[in-house]
Number of protein chains: 2
Amino acid sequence: MDIRQIRYFVAVAEERNIGRAAKRLFISQPPLTRQIQQLEDELQVKLFERTAKGVELTSAGQLFLNESRNILSLIEQAQERTQRAGKGQLGRLDVAIFGSGILNTIPDILKRFKTAYPGVNIVLHQMSKAEQIEALRQKRISVGFNRLLAPLPDIDSTMILQDKLMVAVRDDHPLATKSLINLKELDNEPIVVFPKGARPNFVDLVSRVFQEAGVTMNITQTVIDAVTGIALVSGGFGFCLIPSSASVLQLPGVKYIPLGGLPDNATVDLSCIYLKDDHSPLLSAFLAVVHEYKSQLNHHTSFSAARE
Amino acid sequence: MDIRQIRYFVAVAEERNIGRAAKRLFISQPPLTRQIQQLEDELQVKLFERTAKGVELTSAGQLFLNESRNILSLIEQAQERTQRAGKGQLGRLDVAIFGSGILNTIPDILKRFKTAYPGVNIVLHQMSKAEQIEALRQKRISVGFNRLLAPLPDIDSTMILQDKLMVAVRDDHPLATKSLINLKELDNEPIVVFPKGARPNFVDLVSRVFQEAGVTMNITQTVIDAVTGIALVSGGFGFCLIPSSASVLQLPGVKYIPLGGLPDNATVDLSCIYLKDDHSPLLSAFLAVVHEYKSQLNHHTSFSAARE
DNA sequence: AATTGGTAATACCTTAAAGGTATCAAGCAG
DNA sequence: CTGCTTGATACCTTTAAGGTATTACCAATT
């Protein structure tokens, strides 16, 4: 049995006339007659009664007509869905995020992607940097969001943005009135740092900055993520240096003040990582959204810079 | 797209190796490679990633694998169901019955047919003789049960049994004690007859019998069917002649007594009728059951005749 | 670094089957 | 009885599926 034969059968059943059906199918009548005969032979069932005016369906033929329509429609659907899946418009994308990365940029990107590809089911996984890399290699995830990556041979990354540093400070502290804090002003002040976990990470960046500026760093706590660090600031444990994108988080009694007097490379990047040899259309589609987001981000910041 | 290609695709997806799949399909590797390429070209989707050890499904391929399995299973089902329909094991059979015909024989036949062909949905219609013939011609029904048919050019019939005549009589009537009533004993007695409707019918048979025997027939009521007639006997309206198969009906105060002194042709047949040019397997199957029923009926009656 | 074993891809040929043309046989309307 | 329409058959052409031989590629191993 053959899809062609099924198509032919449906045409004949609908036209109730082999010659007319042949015209509709843009073939001549004899091969159509033969295909129908073959179909009947194979099924060992008479599908049509031959009459003087044409043909008419037997009851078995009527049943087979229904089934045939189902089959053709299922095939059509399969083709369409497969093509959509091939364009990355359908399927499932497993994405890893890290603790505080969820604060603003990542939700924006995910929201854009969901709008552009509503057929794709996004599944989020909270994972540390090391876990993300392992999960990528095991193909449990397709993309991970992260900061401060060391290059790896099998993993590519795309930098999304570079956060400058800010200081989280209690609003009853003398420095809280300033619009810019110089690193030197934090000399020997109590500092909460994060995260715990695989190096290199944000702590290393902060340490390097202090070291290069010759400022003493007085670490009082090392906590798991930015949210916890800022909560400790709110609780009076001291200062906390954060990537500026974490400043969307509002906690009672906490103010965020830009940190000045730093070298240009004192930034922390947000990147997304993915397997170098993953050519799936879903990933490509996702990265396209990321790049679009990135370029709009640049335009926007240059605009606001021009206005200021 | 082609069912063959779908089968090939499933084999390759399952073996994750084109060469192995080719062996399983009893073809050589190159044409299989080509068929898969064609499928990919047609869908414009890469279904497999080619690796050193074989191939592996892309996510679009995974989706298409699911769809393919659905398609193949639907095709298989369609073939099987169509073949069963072709053997008359599946479908719908519209059967017409008449008022009192439902009393014993017809339910027996229907029961047998339902046991032998459980996949067939039997739909019953109550119809008079004339209605049945019209419905047959319009193909609203496939079989009708009836009595006393006049032959028609486009309709065939099969006689199922011939009922002898019996008399329904109130049990308080003097004749009710007899084991056989002679027609002459009904001379000028009040008689209820049935049915109303298209001739020839049961009334005509009864009238003819009276006439040929030279007995005066005193019709007091003409009612629609046997059940009503017997009910009137129960109500004291007189006698009622019935086909013996209607004697399974028990009503208070009514006895059935065989009618004697009649010619051999004083019987009323039960037949089923159908279109002469209906060659549907469902009808054939049904008629086969009818014939089987008939032959068993004959064996049974000859046995009981032998024993008596 | 070269080799070998196993993979899919390609080139070229053979064979099977689908399609086309011409014609026939059957049934119905005039 | 005669066209006219229908599906069926015979025979040829063309398309496409399948086979054989070979190549290109990758990875694991020596």
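Lettering follows sequence order; numbering is per chain, from 1.
B/Phe48 comes within 4.0 angstrom of no nucleic acid atom, judged by non-hydrogen atoms across all strands.
Side-chain atoms of A/Arg4 lie closest to C/dG19 of the nucleotides C/dC12, C/dA9, C/dG19. Closest to the side chain of A/Pro30, out of C/dA22, C/dG20, D/dA17, is C/dA22. Of the candidate nucleotides D/dG19, D/dA17, D/dA8, D/dG19 has the atom lying nearest to any side-chain atom of B/Arg34. Here the nucleotide nearest the side chain of B/Gln29, chosen from C/dA8, D/dA8, C/dC28, is C/dA8. With C/dG20, D/dA8, D/dT6 as the choices, the nucleotide that has an atom nearest any side-chain atom of A/Asn17 turns out to be D/dT6.
Each of A/Gln35 and A/Lys53 was matched to the nucleotide of DNA chain C holding its nearest heavy atom; the match closer to the 5' end belongs to A/Gln35. Along DNA chain D, the nucleotide closest to B/Ala52 and the one closest to A/Arg20 are compared, and the more 5′ of them pairs with A/Arg20.
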Kindly indicate, with the supporting measurements, whether the criterion side-chain hydrogen bond (donor to acceptor under 3.5 Å, both in side chains) is fulfilled by A/Thr158 and A/Tyr274. CA-CA 9 Å; A/Thr158 296; A/Tyr274 44 90; 3.0 Å; yes
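Spacing between atom NZ of A/Lys23 and atom P of D/dG7 amounts to 11 Å, rounded to whole angstrom units. The distance between atom CG of A/Asp2 and atom C1' of C/dG19, rounded to the nearest whole Å, is 14 Å. With rounding to whole Å, B/Leu57 atom CG is found 13 Å from C/dA8 atom P. Here D/dA17 presents its P atom at 14 Å from CE of B/Met1, a figure rounded to the nearest Å. To the nearest angstrom, P of D/dT20 lies 12 Å from CD1 of B/Ile27. Taking atom CD of A/Glu49 as the reference point, atom P of D/dT6 lies 18 Å away to the nearest angstrom. For the pair B/Gln5 CD and D/dA16 P, the computed distance is 11 Å after rounding to whole Å. Atom-to-atom, CG of B/Asp41 to C1' of C/dA9 comes out at 13 Å; the value is rounded to the nearest Å.
Side chain of A/Lys129 to backbone of A/Leu148: a donor-acceptor contact under 3.5 angstrom is found.
Considering B/His125, B/Lys139, B/Arg140 as possible partners of B/Asp94, the one that fulfils the side chain to side chain donor-acceptor pair (under 3.5 Å) test is B/His125.
Put simply, CD1 on B/Ile36 and CG on B/Leu47 are 7.5 Å apart, with the number rounded to the nearest 0.5 Å.
Side-chain N/O atoms of A/Gln37 include one lying less than 4.0 angstrom from OP1 or OP2 on D/dT9. For D/dG18, neither phosphate oxygen OP1 nor OP2 lies less than 4.0 angstrom from any side-chain nitrogen or oxygen of B/Ser28. Look at B/Arg50 and you'll find a side-chain N or O under 4.0 angstrom from OP1 or OP2 of C/dA9. Close to D/dA17, at under 4.0 Å from its OP1 or OP2, lies a side-chain N or O of B/Gln38.
By the 4.0 Å N-to-carboxylate-O rule, A/Glu76 lies too far from A/Arg81 to be salt-bridged with it.
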